[in-house]
Amino acid sequence: MSTNENQLPANFIRQIIANDLKINKNNGKVATRFPPEPNGYLHIGHAKSICLNFGTAIENKGTCNLRFDDTNPEKESVEYMESIKRDVQWLGFTWDGLYHASDYFEQLYNYAVQLIEQGQAYVDSLSAEQIRAYRGTLTEPGKESPDRNRPIAENLDLFKRMRAGEFADGQYVLRAKIDMASPNINMRDPAIYRIRRVHHQRTGNDWCIYPMYDYTHCISDAIEGITHSLCTLEFEDHRPLYDWVLEQLHTPCHPQQIEFARLQLEYTIVSKRKLNQLVTEKHVSGWDDPRMPTIAGLRRAGFTPKAIRDFCERIGLTKQNSWIEMGVLEYCIREDLNENALRAMAVLQPLRVVITNYPETQVEQLDISNHPQRHELGKRSVPFANVILIEQDDFAELPPPKYKRLVVGGEVRLRGSYVIRCDDVIKDADGNIIELHCSYDPETLGKNPEGRKVKGVIHWVAEQQSYPAEVRLYNRLFTVPQPDNEDNFLDAINPGSLEVLTGCRVEASLADATVENRYQFERTGYFCLDAVDSGEGKLVFNRTVTLRDGWVKD
RNA sequence: UGGGUCGUCGCCAAGCGGUAAGGCACGGGGUUUUGAUCUCCGCAUACCAAGGUUCGAAUCCUUGCGACCCAGCCA
């Protein structure tokens, strides 16, 4: 990874850090953290945060922790934690420390006791509904709870008994005592502990009270010695609370919270709740469905970590809410795959072609380059015989203007092979084309014919020497750029987001395809072997992205 | 006058008082045994608007306008 700072694009966080370094703030240390809640799979929006946090650490020779914000056990699970670790590593990052907010439950509790002792937190018996009513509105100040001035000793006793499990869920809550009239609603005595008898995936039944985000996050950051706590814009209003907690507690360090705009990608969604709904209601096959914007989905679709990292750098980092066009992501994956994917031929919708002047029993092995520019990637052997398969689209009886492919009486180059001419179209009783009769020019292997130009080049496979495969063509999951803005985002699901092609034939070399390799099926797109449904003798390929199509059809 | 944040090309985004970088997209030319790649060229007299300060303003000031976030015992 490049660490040449002069080459990296400027952004406001890089500027803040550069300035901090200049004045030797934090003794020149940079420590970040990526703090997901393990309540779902990571998605492309998390990738932005991951690249930011780990990237910032790498650029500044600092550290970056992975910390699970596991303070709400109701929605969290070990499966999610495992998937998050897997995805972060797959993206190419290594955490310095692996922590959980739950590691700090005891310290958090002690800090809460300190807050109570300082008269800055109290146990409230108001119900959730009452607290809401007392909170006031955006334009009206709130009212103080009758319990707000409960004596410290009583608060201490009650809080201890909350922990001990003497009260029912929801009976009491611990609140920070700040300002019920604050124009910032987050400062109107926010709840910092609630009673919840839920089994926690790590602490089991040790606790029946759980600390809340605003109280937990800042302290966790401080405990880990985080210098720059990077989070998304919706937490801007929480920063005063973040700072308030650390100031009251006199923590040894006070991290700086900096907010940036979250990623919004057109034609998809990154709301965890909605992603979850797509999975639960089976609109997709799972969290790793290749149409999902999850890291797992992108991986299964054939995206590379490098392309995703590149994408995250290209989209920039600001405080402006913005929508990134899908074209940017597609550009990034094409750039990587064009450079690195092995070329191969696969016929997705076959049309039989009999080469009438080619010996019926002959099979020729043609050596074809694995990459048109990078010859060091070697060649593979592709069998050629008298019956081949071409793409149905590559033949037209009534060609559109500027058509460069096969027409009756016309010639076309078979990629890496001979030039053929179409002599006859064979149809069935209903008039459907069932095969073509062509003749080949033996003088055109590896060289152009004399006296005429053959414009078109099409891909092909030998019928007998090819392998059957299933090919899954994925398209955008939604029909509108901002499905989140629809009344019901499910109505915007693209019914054609998955096309399964079962009669495909792939060239012989693809029988050895691996999940790790990426392939360009020439002229059709980039593909990878499906990691889940491929098996012994069964080839299933996923289309990662199409090739750019510069053919301007009239 | 509830608080907070943000307005620079179709989409991102540099710019930090000295006269509008870059990328994606798009349009056009060239090369090409992938209508791919590669390559060359084009693409904001203008920075939400209106005033003001200044020799000079996207950058500073004022006033508007627009967008987003906040009233979980979620994160």
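Remember, it's a predicted structure, so these values are computed and weren't measured experimentally. Order of the sequence lines fixes the chain letters, A, B, ..., with proteins taken first and strands second; residue numbering starts at 1 for each chain.
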Distance test, side-chain N/O of [X] to OP1/OP2 of [N], below 4.0 Å:
X: A:Arg14; N: B:rA14; value: no
X: A:Arg343; N: B:rU37; value: no
X: A:Gln320; N: B:rU8; value: yes
X: A:Thr318; N: B:rA13; value: yes
X: A:Thr71; N: B:rA75; value: yes
X: A:Arg175; N: B:rG72; value: no

From [options], nucleotide with atom closest to [X] side chain:
X: A:Lys404; options: B:rA36, B:rA75, B:rG35; result: B:rG35
X: A:Glu325; options: B:rC24, B:rA71, B:rC74; result: B:rC24
X: A:Arg135; options: B:rC68, B:rA71, B:rA75; result: B:rA71

- [ ] Would you mind telling me which of A:Leu108, A:Val173, A:Val123 makes a side chain to side chain contact (heavy atoms under 4.5 Å, CB included) with A:Tyr193?
- [x]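 Of the listed options, the one satisfying the test is A:Leu108.
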Check the distance between [N]'s [atom2] and [X]'s [atom1] and give it to me in whole angstrom.
X: A:His371; N: B:rU33; atom1: NE2; atom2: C1'; result: 15 Å
X: A:Phe235; N: B:rG72; atom1: CZ; atom2: C1'; result: 12 Å
X: A:Arg374; N: B:rA36; atom1: CZ; atom2: C1'; result: 16 Å
X: A:Gln482; N: B:rC68; atom1: CD; atom2: C1'; result: 12 Å
X: A:Asn186; N: B:rU5; atom1: CG; atom2: C1'; result: 14 Å

TODO: Provide the distance between the two C1' atoms, one in B:rG3 and one in B:rU8, to the nearest whole Å.
DONE: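 Going atom to atom, C1' in each nucleotide, I get 27 Å.
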TODO: Please state the P separation for the pair B:rA25 and B:rC38 - nearest whole angstrom.
DONE: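 The answer is 10 Å between these two P atoms.
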Open item on the list: Heavy-atom nearest nucleotide on RNA chain B for A:Arg548 versus A:His217: which residue maps closer to 5'?
Closed with: A:Arg548
Open item on the list: Reading RNA chain B from 5' onward, which residue's closest nucleotide shows up sooner: A:Trp323 or A:Arg413?
Closed with: A:Trp323
Task: NZ/A:Lys274: more than 12 non-hydrogen atoms of other groups inside 6.0 Å - done: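 It does: A:Lys274 NZ has more than 12 such atoms within range.
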Open item on the list: Is it true that A:Tyr242 and A:Asp221 share a donor-acceptor pair across their side chains at a distance under 3.5 Å?
Closed with: yes
- [ ] Show your reasoning for whether ring-ring contact (aromatic ring centres under 6.0 Å, His included) applies to A:Phe311 and A:Tyr331.
- [x] CA-CA 9 Å; A:Phe311 171 74; A:Tyr331 175 84; over 10 Å; no
TODO: Ignoring hydrogens and angles, tell me if any N or O in the side chain of A:Glu166 forms a donor-acceptor pair with the backbone of A:Arg161 under 3.5 Å.
DONE: no
Task: Base paired to B:rC6 (Watson-Crick or G-U; both N/O distances under 3.5 angstrom) - done: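 Looking at the geometry, B:rC6 pairs with B:rG66.
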Open item on the list: Anti or syn, where syn is a glycosidic angle within 90° of 0; which label fits B:rG10?
Closed with: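 Nucleotide B:rG10 adopts anti.
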